[in-house]
Amino acid sequence: MGTSDHQRSMTDRIDRVLAKSLERDAPLADDLVLAHLGVDSLGVLSILMALEDEFGVLMPIDRLSETGCMQTVGDLRAIAAETLSDGDAGTSP
Amino acid sequence: MTNTAVRTVGSLPLAYTGIPPIATCHWQWVGNLLANRGWPGYWERLGLSWGFRWTGGPVLFGSARWPAVLAHATGIDVSIQTFSSLQEALAAEATHLAAGTDVIVEVDEFHLPRYAEPKHVVHAVLLVDAGEAEVHFVDSRVSADVVAVDVDHYHRMRSSSCEGRVESFKLYAIGPGPVEDPSAAELFQWVRSDLRTSFRQSTLAVTRYIEFVRCATTHIDVCRAAGERYQAALLFAYLSSERVPGCDVLADRFRSLSDRWYFIHMLSVHERAAEERNVRRRTQLLEQLVAADLEATAAVLND
């Protein structure tokens with residue numbers, strides 16, 4: 001699989017996890033505000049753990065304690081992509 | 001809430017309303033009571049001490065020394081009391097009310113009126129009157145209304161088991177005062193003076209707590225430490241607004257500490273908290289946070 005295919009596959013997997021966690025159809029718009037979807041910080045934590053389950057990589061969940069961090073779907077997508085680009089994504093645990 | 005008759009019988013002026021962070025609702029009440037006594041702006045000045053106490057088990061307590069510092073600084077007597085039975089608690093409440101002492105009591109939110117989705121979680125309300133048939137109280141998170149419930153219902157509020165109720169039948173008795181209105185600089189001196197006497201003990205307590213957490217697989221509860229740092233951040237923001245040097249930086253530092261303590265609390269109550277990766281994670285985060293917390297307090301003392 002080429003780099004761009006690999007990235008596309010990873011993006012698709014991230015989107016599938018987000019859509020399933022948020023119980024909405026993919027693709028989800030980046031500017032969707034999680035709080036408006038009824039997702040509180042415990043919910044965001046659950047989504048990050050679901051991403052960990054999918055990729056077998058630890059997400060930087062402590063960043064949830066930073067004010068203004070992880071407010072939107074785009075924020076989650078970016079944090080997942082950033083984490084996965086730092087280390088190889090494994091298969092689902 | 002269980003099905004019971006609730007009446008509104010009056011209202012109370014409230015300077016502070018809304019949903020305060022976990023483990024801080026009693027401070028909001030003290031701020032409101034002082035404002036009603038003609039001492040506005042005190043909610044932001046109540047975080048006069050912080051630290052740690054540990055009595056064994058999963059709960060990490062804050063120092064709870066702020067009433068002593070407040071008493072020294074302003075002359076007001078805030079007494080935190082717990083009781084081993086409902087009857088003892090009710091008797092103390094009646095005595096306080098008869099003496100004109102304001103009484104804040106811990107109750108189970110589940111039995112409070114006007115909540116769309118009440119949970120079994122501890123909350124603090126102001127007790128206004130306790131008669132033979134009815135009890136009157138105010139829940140500032142909902143409104144300024146004084147509401148009346150029958151005594152049996154109040155007994156359920158006060159005694160039913162709920163999350164966060166780790167000290168039984170707790171109340172805060174707010175005696176007369178204040179009599180002094182210290183300057184911001186004087187308040188800061190009171191804070192430092194208290195920390196100097198408590199820091200060592202506090203450090204020891206949290207060191208032991210970390211040793212406990214390293215071996216624990218059960219849930220942990222650190223929201224009281226989070227609440228104390230939240231109030232400390234408010235205090236430093238107030239001191240900064242009064243141009244006390246260095247307090248702007250301290251306000252940011254304690255706000256961040258509070259956020260991090262609340263985050264560990266949230267991680268600890270998550271449904272997947274017991275998974276190995278999350279147990280490892282909370283221990284690691286706790287170790288880092290305690291180091292940052294002690295360093296911040298040392299900075300207050302050495303500044």
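Below, chain A is the first sequence line, B the second, and so on; all start at residue 1. Every value quoted in this text rests on a predicted model; they were computed, and no experiment measured them.
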| remark: Between B:Phe263 and A:Asp62, the two heavy atoms sitting closest are CE2-CA, 3.7 Å
Between atom [atom1] of [X] and atom [atom2] of [Y], what is the distance when rounded to the nearest 0.5 Å?
X        : Y        : atom1 : atom2 : answer
A:Ser41  : B:His270 : OG    : NE2   : 9.5 Å
A:Ile61  : B:Arg277 : CD1   : CZ    : 9.0 Å
A:Ser46  : B:Arg272 : OG    : CZ    : 7.5 Å
B:Glu271 : A:Leu42  : CD    : CG    : 8.5 Å

| Above 12 or not: heavy atoms from other molecules or residues under 6.0 Å from CZ of B:Arg214? |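 For B:Arg214, atom CZ is crowded (more than 12 foreign heavy atoms under 6.0 Å).
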| task | Count the heavy atoms belonging to other residues, nucleotides or ligands that lie under 6.0 Å from CD of B:Glu242, then report whether that count exceeds 12. | result |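 Result for CD/B:Glu242: enclosed.
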| task | Answer with side chain, backbone, both or neither: which region of B:Leu267 has an atom nearer than 4.5 Å to a non-hydrogen atom of chain A? | result | both
| query | So what's closer than 4.5 Å to chain A heavy atoms on B:Arg281: side chain, backbone, both or neither? | reply | side chain
| message | Between A:Glu66 and B:Arg260, does any side-chain N to carboxylate O distance fall below 4.0 Å? | response |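 So A:Glu66 does not pair with B:Arg260 through a salt bridge.
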| message | I'd like to check A:Met49 versus B:Asn278 (side-chain heavy atoms, cut-off strictly below 4.5 Å). Are they in contact? | response |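 Yes, side chains in contact.
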